[in-house]
S.K.: 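Below is a structure I'd like to ask you about.
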2 protein chains.
Amino acid sequence: MSNPPKSATHKRARRVKLADVATAAGVHYSTVSRVLRPGFKGRISDDVAERVRAVARELGYQPNAVASSLRTQSTRSIGLIVHDMNDPIYPPILSGIESVLSPDGYAVLVGNTGYGADAELDLVNRMAARLVDGIFLATTRLKDPAVERCVQLGIPLVSVLRQTESGTTPAVMNDCFRGMEALTSHIIDAGHRDIAAIIAPQDLSTAQERWQGVQSAMRKHGLDLPEHRIARVSRMSTEEGERATKSLLDAATEPPGVIICVNDLVAIGAIRACRLSGLDVPWDISISGYNDIPLMDMINPPLSTVHMHLDKIGKAAGEMMLEYLANPELPARTQRFKPEVILRGSLQGVHPQG
Amino acid sequence: MSNPPKSATHKRARRVKLADVATAAGVHYSTVSRVLRPGFKGRISDDVAERVRAVARELGYQPNAVASSLRTQSTRSIGLIVHDMNDPIYPPILSGIESVLSPDGYAVLVGNTGYGADAELDLVNRMAARLVDGIFLATTRLKDPAVERCVQLGIPLVSVLRQTESGTTPAVMNDCFRGMEALTSHIIDAGHRDIAAIIAPQDLSTAQERWQGVQSAMRKHGLDLPEHRIARVSRMSTEEGERATKSLLDAATEPPGVIICVNDLVAIGAIRACRLSGLDVPWDISISGYNDIPLMDMINPPLSTVHMHLDKIGKAAGEMMLEYLANPELPARTQRFKPEVILRGSLQGVHPQG
DNA sequence: TTGTAAGCGTTATCAC
DNA sequence: GTGATAACGCTTACAA
């Protein structure tokens, strides 16, 4: 009958539509629509419903989501904007979000900004053009035009991991201030006094809170962080971590006793740089991270860090989005997850010397 | 004028549409459509074009992609189906794909199967309902109904990492057979004779090719792999790797000299299990992986493995998709990337005794 | 309970 | 060169 395709990819098959099912079942296509959609249970005679359903199944009818979306102004799709999916903090977020939204028929559109602010805004605009029902923004800066644009367009937005300065955006995040404050306190309690820090651009709440956490803990212990013990990364990557650590080691004759890194990737870079400088971690110098991304217990040395519960954050973000989709008038709420300090071998205690 | 929103999420703003721009510019909306879309350059008077463009910009007009899709039957979106984005092999694939497709205006829909065959088929159907222009399948099994469904629906499909039995699907993959054969040869050349292997379900070409690679290398050296030196994982995860390794160690009084693992995650699990059994890696037992996922050089001990060039595979898959989108009649082509053996500390040579 | 028909915002094919 | 006008496939008042 039908001629077989020459290759695996052949001409797009004509899709079965409502009208096809309708003629085959001998009813009007609006009836088919009603039968096939939930919410019209009692309003249709059983025999018609059954016949229509049978025909639909037989013809392999699948509703055209695009047509439906145009009509209902809802695409059942949501966007997720991240800096770079290669950063291990994002996959669990995506998984969590998807596990919550997928059962409700939502699809997730993923966009990488590549750390660019313009790209971020562009992604929001492109997603808006696609009429996404909502956007998860994991790249939120303290002042973020992308957030404003979502508000302006009336697109439900849930900020993940980070928050704006005003704090008026629905958000699910980790309490980075307390996490880093606690970790720093541990470090000080272990006897460290010569502390260095690698900090990230302060336009991200995560970076800001962590830095404030370090400072708060040190103030509480009457300690000070001199400028030559502070290094800055332009982004939280291993490469930047390595570079910043080199500059830190070059800035003084003696290496610090410990380097508190803004996150695990930066800490990995720091470990690499220390090795290259002939320093043993942790015997010559201690290092800490933040996030507890996978395998941080397996690296050499096992990294002391702060666990984030990224999967929980992802799930919670998904649930929060569902709430806002169901009720857009809901006031903005920020949900914070408690961080958990994880002490491992990369941190070595210091015994006060005479 | 307009009453301010009470919270960040307020009622969806009415979108500016073609008709709005048209009335404001005093032309028919079909004219606006022509002006704003490429391909009508010379066919429109300059003054009208300029006026329309100005008005469109002023009103912040953004074309409604859903309406456009309904009309053109093309959504400029493509699907990416993976087992679980938390597996580190996938993010570089996604990044590569996105970097190639995003400039052409494509959006990427990501779906996790959670390792389920039903979920995979379901995802294909859901993506088909959304009229995706194409699908990247990174979960392809040797016999895969999801692939057949795509062919049946005429959806351009590019298989990533894996291939079907027939090999008739466009695919971009690593040459796992040669990779694993080369790695195994290295291991044998280093003196190992008591070799064990942890293999994965043979319905995935990756798992099958790697296992065949191990067997081929051993045959070439006149070696044999007894059943008690073979363990099987149900999926390539650290948990399964740990479990399988335990069973391997329990299956004989003496541990093998080396365990060749089907991938890096399984190898991580193997290292954990060996440690728990009091074995030092690599002094008591050597371990190898496959993929060279990030940080494999930083773990303890650094893992010997085979590098995959996942980013290149992702980019190549994106480019292949663009080709098939441009010309669906193109015959199916399989592109294979050369693997690269990476020798690190987890593999210890054996000096032949007496 | 089912049929009729308008309309979602585009694109594309006509005329003029 | 521009305007009018069908689709695209679905949802949903409103009629019958």
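Lettering of chains follows the sequences in order, A, B, ..., and the numbering in each one begins at 1. Bear in mind the structure is a predicted one, so any value in this text is a computation, not a measurement.
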S.K.: With a 3.5 Å cut-off and no angle check, do the side chains of B:T164 and B:D144 form a donor-acceptor pair?
M.R.: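 Note: B:T164 and B:D144 side chains miss the donor-acceptor criterion.
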S.K.: Check the distance between C:dT2's C1' and A:R51's CZ and give it to me in whole angstrom.
M.R.: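 It works out to 12 Å between those atoms.
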S.K.: For B:L70 and C:dA12, give me the distance from atom CG to atom P, rounded to whole Å.
M.R.: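 About 12 Å, once rounded to whole Å.
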S.K.: In whole angstrom, give the distance that lies between atom CZ of A:R76 and atom P of D:dT11.
M.R.: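 So the two atoms are 12 Å apart, to the nearest Å.
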S.K.: Applying salt bridge (Lys or Arg N to Asp or Glu O under 4.0 Å) as the test, list every pair that has at least one member in residues 149-164 of chain A; sequence neighbours left out.
M.R.: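 Counting only pairs at least two positions apart or across chains, no salt bridge (Lys or Arg N to Asp or Glu O under 4.0 Å) contact touches residues 149-164 of chain A.
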S.K.: Compare side-chain N and O positions of B:S45 against OP1 and OP2 of D:dG1 and report whether any pair is under 4.0 Å apart.
M.R.: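 Checking B:S45 against D:dG1: no side-chain N or O falls below 4.0 Å of OP1 or OP2.
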S.K.: In whole angstrom, give the distance that lies between atom CG of A:D20 and atom P of D:dC8.
M.R.: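 Distance, rounded to whole Å: 11 Å.
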S.K.: Is the phosphate of D:dT11, meaning OP1 or OP2, less than 4.0 Å from a side-chain N or O of A:S68?
M.R.: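 Result: yes.
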S.K.: Name all pairs fulfilling the salt bridge (Lys or Arg N to Asp or Glu O under 4.0 Å) condition that reach into residues 56-83 of chain A, sequence neighbours left out, sorted by first residue then second.
M.R.: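 Non-adjacent pairs meeting salt bridge (Lys or Arg N to Asp or Glu O under 4.0 Å): zero.
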S.K.: Please name all residues satisfying side chain to side chain donor-acceptor pair (under 3.5 Å) with B:K312, sequence neighbours left out, ordered by chain then number.
M.R.: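 By the side chain to side chain donor-acceptor pair (under 3.5 Å) rule, B:K312 matches no residue at all.
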S.K.: Could you state the CG-C1' distance from A:L131 to C:dT10, rounded to the nearest angstrom?
M.R.: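 Taking CG of A:L131 and C1' of C:dT10, I get 12 Å after rounding.
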S.K.: Select base, sugar-phosphate, or nothing to describe what B:V66 touches, counting heavy atoms under 4.0 Å on all strands.
M.R.: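 Answer is nothing: B:V66 stays at 4.0 Å or more from every strand.
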S.K.: Would a distance-only check, ignoring hydrogens and angles, find a side-chain to backbone donor-acceptor pair under 3.5 Å from B:Q163 to B:T169?
M.R.: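 A pair under 3.5 Å: yes.
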S.K.: Counting only heavy atoms and a strict 4.0 angstrom limit, can you tell me which residues of residues 55-65 of chain A come near DNA chain C?
M.R.: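 Within this stretch, nothing sits under 4.0 Å of the strand.
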S.K.: Check the phosphate of D:dG9 against A:R15, side-chain N and O only, distance under 4.0 Å to OP1 or OP2. Yes or no?
M.R.: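 For D:dG9, OP1/OP2 do not have a side-chain N/O of A:R15 under 4.0 Å.
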S.K.: For the residue pair A:H83 and A:Y115, categorise the inter-ring angle as parallel (less than 30°), tilted (30 to 60°) or perpendicular (more than 60°).
M.R.: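 Taking A:Y115 first and then A:H83, their aromatic rings lie parallel (interplane angle under 30°).
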S.K.: Using C1' atoms of five pairs at each end, report the bend of the helix from C:dT1-D:dA16 to C:dC16-D:dG1 rounded to 10 degrees.
M.R.: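 Here the local axes at opposite ends form an angle of 40°.
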S.K.: Any ion pair linking A:R126 and A:D122 (charged N to carboxylate O, less than 4.0 Å)?
M.R.: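 Yes, this pair counts.
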S.K.: Using modelled atom types and a 3.5 Å cut-off, is there a donor and acceptor pairing between side-chain atoms of B:T31 and backbone atoms of B:V27?
M.R.: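 Pair absent, no side-chain N/O of B:T31 close to backbone of B:V27.
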S.K.: Indicate whether OP1 or OP2 belonging to D:dC10 is found under 4.0 Å from a side-chain N or O atom of A:R37.
M.R.: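 Looking at the OP1 and OP2 atoms of D:dC10, neither is under 4.0 Å from any side-chain N or O of A:R37.
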S.K.: Hey, is A:R53 close enough to A:D46 for a salt bridge, meaning N to O under 4.0 Å?
M.R.: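 So A:R53 does not pair with A:D46 through a salt bridge.
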S.K.: Side chains of A:T75 and A:S69: any donor to acceptor distance under 3.5 Å?
M.R.: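 A:S69 vs A:T75: no donor-acceptor pair found between side chains.
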S.K.: Please report the distance, rounded to the nearest Å, between CG in B:L36 and C1' in C:dG9.
M.R.: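 Result: 14 Å.
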S.K.: Between the side chains of B:E120 and B:R141, is the shortest nitrogen-to-carboxylate-oxygen separation below 4.0 Å, so that they form an ion pair?
M.R.: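 Result for this pair is yes, salt bridge flagged.
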S.K.: So, B:S102 side chain and B:S99 main chain: donor-acceptor pair closer than 3.5 Å or not?
M.R.: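 Checked: no pair found.
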S.K.: Please list each protein N or O that sits under 3.5 Å from an N or O in nucleotides 3-6 of chain D, with the distance.
M.R.:
| from | atom 1 | to | atom 2 | distance (Å) |
| --- | --- | --- | --- | --- |
| D:dG3 | OP2 | B:H28 | N | 3.0 |
| D:dG3 | OP2 | B:T31 | OG1 | 2.4 |
| D:dG3 | N7 | B:R34 | NH2 | 2.7 |
| D:dG3 | O6 | B:R34 | NH1 | 3.1 |

S.K.: Rounding to an integer number of Å, can you tell me how far B:L18 CG sits from D:dT2 C1'?
M.R.: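 My rounded result for the distance is 15 Å.
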S.K.: Using whole Å, what does the distance between atom P of nucleotide C:dG7 and atom CZ of B:R14 come to?
M.R.: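 These atoms are roughly 15 Å apart.
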S.K.: Do any side-chain nitrogens or oxygens of B:Q73 fall under 4.0 Å of OP1 or OP2 in D:dG9?
M.R.: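 Yes.
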